[in-house]
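Every chain is numbered from 1 and lettered A, B, ... according to where its sequence line falls, protein lines coming before strand lines.
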Amino acid sequence: MALAVRLRSAVSLLGRFPALAGVDLDVAPGNVLLIQGPNGAGKTTLLRACAGLAAFTDGEAEVLGYDLRRDRRSGRRRLGLLGHSTFLYDDLTVADNLRFSARAGGADVASAGEAMARLGLDGRLRDVSAGKLSAGQRRRVAVAAVVARRPDLWLLDEPHAGLDAAGRDLFDGIVREAAAGGATVMLASHELDRAAALATRTVTMAGGLVAGGLLAPARSASNVA
Amino acid sequence: MWRDAVLVAGKDLRVEARSRVGINQVVPFALLVLVLFAFALDSDRATLAGVGPGLFWVTVLFSGLLAIQRSFVIEADDDARDALRLSGLDGAGIFLGKAAAIAVQLAALEAVLAVGVVVLYNLQLHGPVMLLLTCVATTVGLAAAGTVYGIIAAGLRVRDTLLPLLVLPVLAPVLLAAARACEAALAGTPSEGWPWVRLLLVFATIYVTFGVVAFGPLLEES
């Protein structure tokens, strides 16, 4: 089985600043990778670049088999990004937001309903405009939007932020299920205890570089998980 | 592409229907402009009837700018434009969907304003085929060009003020052609109007084609 993410000396610039300064990283399918590091280490840029929202300007970058140096768009239907923003349309209801996200991602409308039920959004919140939700509720809808897309690669940037205790437990269960189902998860978090309990592997970022990003040579050389 | 276009158009129209910005702000603004033109120019209805087609399209253009800006403001809130990029939707489909949603709003606005100019400016409607074709071609052209320039300005902090500066010069020939075609139709001299209608159709075709090709890359860089 091919690696879900394979980066070699990958560079991404924010203006002239190298936010990623030559990252080497392998992530095998079904793994939950925790990316830890101080603020400004490049965690968010790494996730955004893997999603194709930031460009890799040098090195090699393959995500889900797509060469992101050549094509940042083709793989997007297969990934879900939970970032600092919730990506919601304030004037649409929770149900409308999730239906749009699911259909845009190539999933059917039923998956939006399942995601709503899973996140506890199928009650009175279903027909409430996203703009009227609390921050925690918006975060829950954002998680549901990722779930509704049924992605092969989950890119999660501080995913526990804004969720209450029940929401965090629910979220952790969803991530474990996705990984058990073969999805790959990359997770950046400062809540190390909770995130470490989810992770099957941990790497540390500093100064735009990843320490210990490569899998053991025998595994990476044969591209076997 | 068509599936994505329908999805995006449905989403944009649903956002507008729920926010009611069009009904509560754009339409009243457009009617207000018509009334103010009437005050400013002349109380003589014959004068107003003569300049009516031009004033109609100037009003559509200014009011349409609000609809175009609105179409991209909803993508700026909470980084929804990133979500649009991440969605995996086809760039041409997104362009066609957004342009179609703007065109539907412009068409509704034109219908309301048509009633306005008939009542306020005492215009007698003639040449329905040419009027209809003019409206369709102009609406498609405005929506397509507005969507192209909307995405160019979308990622900039000064987008609200930049968009009119980009769009108005480009749309000046459309304004001229639409006004002349309508004048010819209303005067009962359609032969003078068809060249202008053809110009509108060419403009619309160019911008629809350009948008289909260029919107995806422009969205990536916005």
Side-chain angles (χ1 to χ4, degrees), chain A residues 44 47-48 50-55 64 66 68 71-93 95-107 109 127-133 135 138-139 141-142 145-146 148-149 151-153 155 157, chain B residues 1-26 67 70-98 101 105 154-155 213-222:
Chain A
T44 295
L47 294 177
R48 285 178 61 83
C50 286
L53 290 177
L64 297 174
Y66 295 96
L68 294 191
D71 179 9
R72 284 196 278 154
R73 289 193 270 177
S74 296
R76 285 179 179 165
R77 277 203 158 124
R78 294 177 56 198
L79 59 85
L81 173 68
L82 183 63
H84 295 276
S85 304
T86 55
F87 302 145
L88 299 177
Y89 294 100
D90 284 353
D91 291 310
L92 293 185
T93 64
D96 283 341
N97 266 295
L98 294 180
R99 279 192 210 109
F100 178 74
S101 180
R103 292 185 64 195
V109 175
D127 296 317
V128 173
S129 297
K132 293 180 180 169
L133 300 177
R138 287 176 71 88
R139 194 70 177 165
V141 179
V146 175
R149 291 168 65 92
D152 294 323
L153 176 60
L155 302 166
D157 196 359
Chain B
M1 179 177 78
W2 297 111
R3 170 197 166 278
D4 292 352
V6 170
L7 187 62
V8 171
K11 182 263 295 177
D12 278 12
L13 289 173
R14 203 168 293 125
V15 167
E16 287 313 314
R18 287 187 152 272
S19 69
R20 305 181 74 82
V21 168
I23 291 174
N24 291 341
Q25 293 176 29
V26 178
R70 173 83 186 140
S71 176
F72 290 93
V73 163
I74 62 174
E75 305 296 349
D77 292 343
D78 209 4
D79 288 335
R81 201 168 57 254
D82 272 352
L84 209 53
R85 278 194 283 251
L86 272 176
S87 67
L89 292 170
D90 181 65
I94 298 173
F95 165 76
L96 290 173
K98 293 197 87 63
Q105 294 172 68
V213 173
F215 191 88
L218 288 172
L219 176 63
E220 288 301 315
E221 301 306 324
S222 67

A:Arg103 atom CZ, neighbour heavy-atom count above 12 within 6.0 Å = no
Quick one: what part of A:Arg149 sits under 4.5 Å from any heavy atom of chain B, side chain, backbone, both or neither?
-> side chain
Between CG on residue A:Asp91 and CG on residue B:Asp12, distance to nearest 0.5 Å | 11.0 Å
Does the side chain of B:Val15 reach to within under 4.5 Å of the side chain of A:Asp96, using non-hydrogen atoms?
-> no
Structural part of A:Arg72 lying under 4.5 Å from a heavy atom of chain B = side chain
Report yes or no: does B:Arg85 contribute a side-chain atom to a donor-acceptor pair with the main-chain N or O of A:Leu53 at less than 3.5 Å?
-> no
Which answer fits A:Ser129, side chain, backbone, both or neither, if we ask what part of it has an atom under 4.5 Å from a heavy atom of chain B?
-> side chain
Which one, B:Val8, B:Leu84, B:Ile74, B:Asp82, leads in non-hydrogen pairs under 4.5 Å with chain A?
-> B:Asp82
Between chain B and each of A:Thr86, A:Leu81, A:Asp90, A:Leu79, count heavy-atom pairs under 4.5 Å; write down the option with the most.
-> A:Thr86
Go through the atoms of B:Asp4 and report whether side chain, backbone, both or neither lie under 4.5 Å from a heavy atom of chain A.
-> side chain
Spatial distance of atom NZ (B:Lys11) from atom CG (A:Asn97) [nearest 0.5 Å] = 9.5 Å
To the nearest 0.5 angstrom, please state how far the CZ atom of A:Arg73 sits from the CG atom of B:Asp90.
-> 8.0 Å
Atom CZ in B:Arg14, atom OH in A:Tyr89: separation rounded to 0.5 Å?
-> 12.0 Å
Can you name the nearest heavy-atom pair linking A:Arg77 to B:Leu89, along with the distance?
-> NH2-CD2, 3.5 Å
